[in-house]
K.L.:
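Before I ask anything, let me first share the structure, which is written out below as structure tokens.
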Amino acid sequence: MHSLVDEHGEWHPENWIPRAEHPALPPRPTLWYTPRTSSAHLPSTALQLNPYLSHRLFGRPPILLDMRDHLIRAQLGQLEPATPGEEPKQYLFCPDGPDGCQPATYPPVTEMYISALADDNCTEFPWPMLVTPRDGLPVMVRDVLNALIANFEEWLTREEVAALSDQRRAHMLRAYWERAGTIVCGRIPGDDDGLRRIDYLGDRVWFRGLEPSPDGVGFVLFVGPAP
């Protein structure tokens with residue numbers, strides 16, 4: 001435990017080893033649930049999504065996340081009531097704290113497959129993603145959000161751009177030029193940044209949640225404009 005704080009009082013949570021057993025601690029309770037690898041192959045319709053990840057038909061999403069930005073700047077979607085004359089209070093989402101370290105599904109799984117993009121006119125989503133956390137731990141909320149950010153941050157290849165329709169390419173270029181002049185991750189990318197997958201989404205770059213795919217294979221990603 002002393003290794004979590006250095007001599008200057010700074011916290012170092014990276015020194016904590018998940019599921020480490022110490023001889024001075026009592027044995028793990030028998031009801032402690034350890035996910036099996038086979039649970040990752042359950043149909044998505046049999047899994048219950050964490051409320052932070054569940055798509056809402058109406059209202060603000062549970063997490064306000066611009067997928068062009070760092071997860072550390074995400075906010076909780078639910079606003080605290082404000083006193084008269086004051087703005088509603090907003091709170092940051094804690095990816096390394098009690099918010100992001102919750103299991104993404106129940107029962108927990110060791111893999112999550114995001115297979116489709118909602119309301120997309122392409123016949124097949126070009127970049128499905130498999131979320132796999134480290135050390136065989138269950139997939140947590142932060143793992144899913146980090147995987148989304150990393151996936152859409154990738155640059156597009158010439159072949160991927162050529163495979164799109166003329167209308168889609170024009171749509172992406174408009175999104176690219178807007179992003180090039182916008183502060184993203186604390187800087188302005190500039191007009192030499194290059195097309196990225198996030199430009200495929202146009203102005204719908206905010207995370208709106210997931211839903212199980214109707215066929216039980218993976219989850220459907222919902223995105224939208226700034227709330």
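As the structure is a prediction and not an experimental result, all values here were calculated from the model. Positions are given from 1, in the same order as the sequence printed here.
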K.L.:
Quick one: do I114 and M67 end up in the same hydrophobic cluster if we chain Ile, Leu, Val, Met, Phe, Trp and Tyr together by side-chain heavy atoms under 4.5 Å apart?
P.N.:
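The answer is yes; both residues are in one hydrophobic cluster.
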K.L.:
How many angstroms lie between atom CG of L117 and atom CZ of F125, to the nearest 0.5 angstrom?
P.N.:
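So the CG of L117 and the CZ of F125 are separated by 5.5 Å.
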K.L.:
Mind checking whether W177 and M172 sit in one hydrophobic cluster, side chains of I, L, V, M, F, W, Y counted as touching below 4.5 Å?
P.N.:
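Yes, W177 connects to M172 through the hydrophobic network.
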K.L.:
Taking all non-hydrogen atoms of both residues, which atom of G202 and which atom of H171 are closest, and how far apart?
P.N.:
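In terms of heavy atoms, the two residues are closest at CA-NE2, 3.5 Å.
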K.L.:
Check whether any side-chain heavy atom of V141 lies under 4.5 Å from a side-chain heavy atom of L53, and answer yes or no.
P.N.:
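Side chain of V141 against side chain of L53, heavy atoms only: contact under 4.5 Å found.
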K.L.:
By the definition ring-ring contact (aromatic ring centres under 6.0 Å, His included), identify the one residue from W127, F152, W155 that meets it with Y200.
P.N.:
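The passing option is W127.
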K.L.:
Going through the checks in order, is the side chain to side chain contact (heavy atoms under 4.5 Å, CB included) test met by Q75 and Y91?
P.N.:
CA-CA 6 Å; Q75 295 181 341; Y91 294 99; over 6 Å; no
K.L.:
Would you say L210 and L49 make side-chain contact, with heavy atoms under 4.5 Å?
P.N.:
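Yes - at least one pair of side-chain heavy atoms lies under 4.5 Å apart.
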K.L.:
Report yes or no: do V220 and L65 belong to one cluster of Ile/Leu/Val/Met/Phe/Trp/Tyr joined by side chain heavy-atom distances under 4.5 Å?
P.N.:
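Each belongs to a different hydrophobic cluster.
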K.L.:
Looking at every heavy atom in both S44 and S213, which two are closest together, and how far apart are they?
P.N.:
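Looking at all heavy atoms of both residues, the closest pair is OG-N, 3.5 Å.
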K.L.:
Closer than 3.5 angstrom, by distance alone: can the side chain of R208 be matched with the main-chain N or O of G224 as a donor-acceptor pair?
P.N.:
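Checked: no pair found.
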K.L.:
Quick one: CG on L71 to CZ on R142, what's the gap to the nearest 0.5 Å?
P.N.:
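Separation between the atoms: 9.5 Å.
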K.L.:
Would you call R204 and P225 a side-chain contact if the rule is heavy atoms closer than 4.5 Å?
P.N.:
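Yes, close enough: below the 4.5 Å cut-off.
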K.L.:
Measuring from atom CZ of R73 to atom CG of L92, what distance do you get when rounded to the nearest 0.5 angstrom?
P.N.:
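Those atoms lie 10.0 Å apart.
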K.L.:
When you compare the side chain of V223 with that of D119, does any pair of heavy atoms fall below 4.5 Å?
P.N.:
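No, too far: nothing below the 4.5 Å cut-off.
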K.L.:
Quick check against the 3.5 Å criterion: does N50 have a side-chain atom that pairs as donor or acceptor with the backbone of P103?
P.N.:
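Yes; at least one donor-acceptor contact below 3.5 Å.
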K.L.:
Mind running ring pair (Phe, Tyr, Trp, His ring centres under 6.0 Å) on F222 and F207 for me, showing each step along the way?
P.N.:
CA-CA 7 Å; F222 286 79; F207 176 71; 9.7 Å; no
K.L.:
Quick one, T105 and V139 - any side-chain contact, counting heavy atoms below 4.5 Å?
P.N.:
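With C-beta onward as the side chain, the pair stays apart.
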K.L.:
Work out which heavy atom in P227 is nearest to a heavy atom in L64; give both atom names and the distance.
P.N.:
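For P227 and L64, the tightest heavy-atom pair comes out as CG-CD2, 3.6 Å.
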K.L.:
Compare every heavy atom of C94 with every heavy atom of D99, then report the nearest pair and how far apart it is.
P.N.:
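Result for this residue pair: OD2-N, 3.1 Å.
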K.L.:
Taking the side chain as C-beta and beyond, is there a heavy-atom pair between L148 and M129 under 4.5 Å?
P.N.:
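When only atoms from C-beta onward are counted, M129 and L148 do touch, with a gap below 4.5 Å.
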K.L.:
Going by side-chain contact (heavy atoms from CB on, under 4.5 Å), H12 matches just one of V5, L4, D6. Which one?
P.N.:
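With H12 as partner, side-chain contact (heavy atoms from CB on, under 4.5 Å) holds for just one option, D6.
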K.L.:
Does Y176 use its side chain to pair, donor to acceptor, with the backbone of G194 at less than 3.5 Å?
P.N.:
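Answer holds: yes.
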K.L.:
Is the shortest distance from a Lys or Arg side-chain nitrogen in R168 or D120 to a carboxylate oxygen in the other one below 4.0 Å?
P.N.:
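Here R168 pairs with D120 in a salt bridge, since their nearest N and O are under 4.0 Å apart.
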K.L.:
If we ignore hydrogens and angles and just use 3.5 Å, is the side chain of R169 paired with the main-chain N or O of L173 as donor and acceptor?
P.N.:
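Such a contact is absent between R169 side chain and L173 backbone.
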K.L.:
Looking at R196 and D199, is there a salt bridge between them, counting it only when a charged N and a carboxylate O are closer than 4.0 Å?
P.N.:
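Here D199 does not pair with R196 in a salt bridge, since their nearest N and O are not under 4.0 Å apart.
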K.L.:
I need the M140 CE to D96 CG distance, nearest 0.5 Å.
P.N.:
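Rounded to the nearest 0.5 Å, the CE-CG separation comes to 10.5 Å.
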K.L.:
Measure the spacing between CG of L221 and NE2 of H55 and express it to the nearest 0.5 Å.
P.N.:
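Spacing of CG (L221) from NE2 (H55) equals 10.0 Å.
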K.L.:
So if you build clusters from Ile, Leu, Val, Met, Phe, Trp, Tyr with side-chain heavy-atom gaps below 4.5 Å, do V217 and V109 land together?
P.N.:
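Per the 4.5 Å side-chain linkage, V217 and V109 are not co-clustered.
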K.L.:
Please determine which of P108, P212, P107 meets the side-chain contact (heavy atoms from CB on, under 4.5 Å) test together with L47.
P.N.:
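Among P108, P212, P107, the one meeting side-chain contact (heavy atoms from CB on, under 4.5 Å) with L47 is P107.
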K.L.:
Could you tell me whether D193 and R179 have a side-chain N and a carboxylate O separated by less than 4.0 Å?
P.N.:
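Salt bridge present between D193 and R179.
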K.L.:
Is there a donor-acceptor contact under 3.5 Å from the side chain of E160 to the main chain of T157?
P.N.:
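At least one qualifying donor-acceptor pair exists.
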K.L.:
Treating Ile, Leu, Val, Met, Phe, Trp and Tyr as nodes and any side-chain heavy-atom pair under 4.5 angstrom as an edge, say whether I72 and I63 lie in one connected cluster.
P.N.:
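Different hydrophobic clusters.
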K.L.:
How long is the gap from CG on D143 to CG on L137, to the nearest 0.5 Å?
P.N.:
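Rounded to the nearest 0.5 Å, the CG-CG separation comes to 8.5 Å.
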